[in-house]
Amino acid sequence: MKIHTLFLFSVAMLLCVGVFGQDSVRISDSPVQVPFWGNGFRVGVASQAQLVLPATLSNDDPYVISQPGFGGENGIELSYHFRYFGLSLGLDFGTFRVFNFKPHFDNAPGADPTDPEFLFLNQFHHYSMVHNLFLPLKLEFHYPFNPKFAIMADAGVKFAVGYQMTRSDTEYWISTDENVAMAPLYASLVADLGFYYRLPYGDLLRFAAGANVGLQHVTEGEYYYRNPTCNVQGEGTFFSRNTNFNLQIAYIHTFQRYKLRRSSETWYSELPRHEFQFNVGDPVLAVGLSRIGNANFFDGLFWNTMFQKPPTYWTQPLGDYPVTRFVPTFSFNYHYRVTKWFWVGGLATVAGLHNTWRDRLTDKVTGHGSEVCLTWMPDIRFSYLNRKHVTLYSGLGIGLIMDCLKDPPQFGEKALKTVNIGYQLTAFGVKAGAKHWFGDLELGMGFKGFLSAGFGYEF
């Protein structure tokens with residue numbers, strides 16, 4: 001699907017959610033006066049189209065032009081707002097790198113504009129695009145100047161997970177070899193300016209124009225070209241940053257209609273609004289991501305060649321063997337009950353392991369290595385049984401996981417850090433307790449563990 005088609009489809013979906021996804025309660029018809037900006041959490045979905053600045057060529061190439069490209073992003077947004085300020089954290093999927101090369105052989109020696117082959121080679125752009133996940137963190141200022149409109153401006157930083165990828169492309173007249181994302185984490189500065197329109201039931205539509213300024217190269221590479229008709233060939237290097245200008249539309253759910261019903265609903269006084277949770281779970285996915293923990297599973301007849309070279313079993317003894325000690329996954333949660341059944345919050349986990357390598361003949365220690373996996377992610381929860389002492393729920397969180405490796409003798413490096421996408425899907429959770437304290441048990445999939453249990457405090 002082309003990016004402009006995806007953007008138009010996203011805009012249509014946002015408008016449909018805003019128009020049809022609400023009940024009939026209208027704030028303007030209510031005797032309760034709710035200010036344009038009430039303190040509290042917001043949840044939104046956003047889509048934007050981007051004009052990406054061209055890649056930079058290493059020299060003034062007379063036969064290759066680097067042109068702007070187009071991209072886009074779609075994602076969700078969690079924010080907390082005060083009267084004039086707000087803080088938001090998003091999770092987006094969109095364009096990470098795009099470049100657009102166009103041939104310009106018109107001024108080449110021997111160029112014949114009437115030659116069919118010349119016309120064929122001279123009309124094709126070399127267009128390439130890569131996508132990634134982003135975590136934008138922004139501070140926003142907003143000011144209502146009438147009951148339906150408010151101006152806004154925000155600024156912040158956007159993080160992207162780096163991933164190693166080397167690719168080669170050939171398209172008619174040009175070939176490129178590039179390295180994409182050579183750092184574990186990328187950052188760019190973002191800023192937007194626009195306005196909010198308040199819908200009759202209190203939710204908001206946001207329209208904004210903004211800029212994303214890349215702080216690092218997101219790709220570097222070499223290109224080669226040849227036009228046999230003009231007897232022209234050449235080469236060069238290029239790099240690009242994720243720098244773009246964008247137009248954005250977002251639908252923001254403010255939960256205002258629930259605030260209008262506080263006086264008639266009893267759950268505000270009977271059920272807790274805040275919750276802190278501490279759990280211990282299995283480290284299965286953290287071990288799967290681990291670079292040194294897997295050596296224990298490939299030991300013996302099954303060898304992991306990343307860590308050691310397999311010996312010839314019939315002519316020489318086996319080499320070192322690892323002894324791995326795993327640390328369970330410890331997780332820390334905070335949740336805020338926005339409505340009776342919907343919660344927002346954050347999750348952090350830590351898991352680790354330690355390896356000791358020993359010689360198979362002498363059993364002497366030949367090396368040590370340790371590894372720690374850390375995750376941070378915003379998450380949401382849906383509770384479908386809400387009682388004073390018992391709650392049943394499910395949840396979902398997506399964020400970043402950092403794998404920190406230290407002193408493994410097989411790597412020849414003192415330290416190594418990688419960043420990836422982390423997640424946690426809680427298929428079933430139950431908590432029970434009294435007097436603010438509770439115990440819980442969760443079943444799911446992710447870096448919190450397939451099975452985790454713990455305790456918490458709510459108020």
Side-chain angles (χ1 to χ4, degrees), residues 1-7 49-73 93-134 160-186 188 212-246 418-420:
M1 182 180 292
K2 293 184 178 180
I3 194 66
H4 66 274
T5 305
L6 180 62
F7 176 71
Q50 301 169 341
L51 175 65
V52 185
L53 295 189
T56 300
L57 303 182
S58 59
N59 55 359
D60 187 16
D61 196 313
Y63 304 122
V64 177
I65 300 175
S66 180
Q67 295 185 324
F70 295 93
E73 287 182 24
F93 178 79
T95 304
F96 179 59
R97 190 275 291 137
V98 57
F99 63 75
N100 181 13
F101 291 160
K102 185 182 185 303
H104 186 60
F105 297 132
D106 304 82
N107 59 347
D112 182 4
T114 63
D115 189 317
E117 186 176 357
F118 172 82
L119 294 174
F120 178 78
L121 291 175
N122 208 44
Q123 66 178 323
F124 285 100
H125 292 244
H126 182 72
Y127 199 91
S128 180
M129 181 183 297
V130 172
H131 297 88
N132 202 351
L133 283 173
F134 301 93
V161 177
Y163 55 93
Q164 194 73 27
M165 182 172 69
T166 302
R167 54 185 291 162
S168 298
D169 288 328
T170 302
E171 187 174 336
Y172 301 114
W173 62 279
I174 192 169
S175 299
T176 59
D177 294 320
E178 60 171 322
N179 292 314
V180 180
M182 293 160 287
L185 191 67
Y186 282 80
S188 56
N212 183 103
V213 180
L215 301 179
Q216 301 149 282
H217 296 176
V218 298
T219 186
E220 297 176 355
E222 299 177 343
Y223 67 90
Y224 317 86
Y225 62 87
R226 181 171 181 266
N227 186 337
T229 303
C230 302
N231 195 26
V232 169
Q233 61 184 7
E235 62 183 28
T237 61
F238 65 90
F239 68 85
S240 64
R241 299 187 175 191
N242 187 24
T243 299
N244 61 76
F245 300 99
N246 57 75
T418 59
V419 181
N420 293 283

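Sequence positions, counted from 1, serve as the residue numbers for this chain. Keep in mind it's a predicted model, so treat the numbers as computed, not measured.
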(request) Quick one: pull up CD in Glu222 and OG in Ser175 and give me the separation to the nearest 0.5 Å. (result) 12.0 Å
(message) Which residues pass the side chain to side chain contact (heavy atoms under 4.5 Å, CB included) test with Glu235, not counting sequence neighbours?
(response) Tyr224
(request) Kindly indicate whether the side chain of His126, heavy atoms from C-beta on, has any atom under 4.5 Å from the side chain of Tyr223. (result) no
(message) Is it true that, when you exclude Phe245 itself, more than 12 heavy atoms of the residues, nucleotides or ligands shown sit nearer than 6.0 Å to its CZ?
(response) no
(request) Using the test side chain to side chain donor-acceptor pair (under 3.5 Å), find all partners of Gln67 that sit at least two apart in sequence or belong to another chain. (result) His125
(message) Working to the nearest 0.5 angstrom, can you tell me the gap between Asn132 CG and Glu73 CD?
(response) 9.5 Å
(message) Can you tell me how far apart OH (Tyr186) and NE2 (His217) are? Round to the nearest 0.5 Å.
(response) 9.5 Å
(message) The criterion is ring-ring contact (aromatic ring centres under 6.0 Å, His included); which residues satisfy it with Tyr127, sequence neighbours excluded?
(response) none
Would you mind writing out the side-chain donor-acceptor pairs for residues 236-243 within the sub-3.5 Å range, not counting sequence neighbours?
from, atom 1, to, atom 2, distance (Å)
Thr237, OG1, Ser58, OG, 3.1
Asn242, OD1, Asn244, ND2, 3.4
Thr243, OG1, Gly214, N, 3.1

(message) Is there a side-chain contact between His131 and Thr95 in this structure, where contact means two heavy atoms from C-beta onward sitting under 4.5 Å apart?
(response) yes
(request) Would you please name every residue forming a salt bridge (Lys or Arg N to Asp or Glu O under 4.0 Å) with Asp177, sequence neighbours left out? (result) none
(message) Would you say that Val232 contacts Tyr225 through its side chain, given a criterion of any heavy-atom pair below 4.5 Å between the two side chains?
(response) yes
(request) Output the distance between atom OG (Ser168) and atom CD (Glu178), rounded to the nearest 0.5 Å. (result) 8.5 Å
(message) Using every non-hydrogen atom in the two residues, find where Leu185 and Ala160 come nearest and quote the distance to one decimal.
(response) CD1-O, 3.4 Å
(message) Is any side-chain heavy atom of Leu133 closer than 4.5 Å to one of Phe96?
(response) no
(request) For residues Thr176 and Ser128, determine if any side-chain heavy atom of one lies less than 4.5 Å from a side-chain heavy atom of the other. (result) no
(request) Test Phe101 against every option in Ile65, Asp61, Leu57 by the side-chain contact (heavy atoms from CB on, under 4.5 Å) rule and name the one that passes. (result) Leu57
(message) Restricting to side chain to side chain contact (heavy atoms under 4.5 Å, CB included), what partner residues turn up for Asp60, sequence neighbours left out?
(response) none
